[in-house]
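Below is one structure, written out as C-alpha cells, with a few remarks after it.
Heavy atoms only: backbone and side chains are in, while hydrogens, waters and symmetry mates are out.
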Amino acid sequence: MQPTSSKCTLAAGMTTDQLSACGCFLANPVSHAALSSNVENTQSSTNNIIIENYFCPLGRTGLAKVVVMNGISQRVFN
C-alpha cells in the first residue's frame with residue numbers, strides 16, 4: 001500500500017517536480033549527499049550520484065520520508 005498525501009499517491013519512480021507538486025520538500029535544503037565513482041577507463045568521465053531526502057505531508061497521519069537518487073524517488077517510508 002502506497003502512502004497517500006493530501007494531493008497524490010507517493011511511489012518510487014516519481015521525479016522531484018512530481019514530489020514538489022504533492023507538497024513534498026527537502027528534508028535538509030542546505031546540504032545533500034553526493035557520491036562520486038571513478039570509472040576505470042581514464043577517458044570516461046566521473047559518475048555523480050546525488051542522494052536527497054524529502055518529506056511529504058500525509059494529512060493527519062504525519063509525514064512520509066522519500067529517498068531520492070539523482071532526481072528520482074527510490075523508496076517511500078511512512
Side-chain angles (χ1 to χ4, degrees):
M1 181 174 163
Q2 294 296 328
T4 303
S5 75
S6 59
K7 296 182 181 181
C8 62
T9 299
L10 304 172
M14 296 176 74
T15 66
T16 53
D17 287 340
Q18 291 170 318
L19 291 171
S20 295
C22 292
C24 303
F25 55 92
L26 274 170
N28 186 357
V30 177
S31 65
H32 59 268
L35 305 172
S36 295
S37 63
N38 290 325
V39 179
E40 294 287 329
N41 186 348
T42 57
Q43 299 203 2
S44 297
S45 61
T46 301
N47 292 330
N48 290 321
I49 301 169
I50 299 172
I51 300 170
E52 300 171 311
N53 292 314
Y54 276 72
F55 287 128
C56 301
L58 294 178
R60 294 182 180 179
T61 60
L63 295 172
K65 177 182 172 183
V66 179
V67 177
V68 175
M69 184 170 69
N70 289 345
I72 304 296
S73 61
Q74 302 298 311
R75 302 268 322 258
V76 179
F77 302 94
N78 57 344

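- Summarising the hydrophobic clusters (Ile, Leu, Val, Met, Phe, Trp, Tyr; side-chain heavy atoms under 4.5 Å, direct or chained), the residues clustered with Phe25 are Phe55, Leu63.
- Every residue two or more places apart in sequence or in another chain that forms a side-chain contact (heavy atoms from CB on, under 4.5 Å) with Ser73 is listed here: Met14, Leu19, Val66, Val68.
- Annotation: side chain of Asn28 is not in contact with side chain of Asn53 (no heavy-atom distance under 4.5 Å).
- With hydrophobic clusters built from ILVMFWY side chains whose heavy atoms lie under 4.5 angstrom apart, Phe77 shares a cluster with Met69.
- Note: Ile72 CD1 to Thr16 OG1 = 7.5 Å, rounded to the nearest 0.5 Å.
- Pairing each heavy atom of Leu10 with each of Cys24, the nearest pair is CD2-SG, 4.0 Å.
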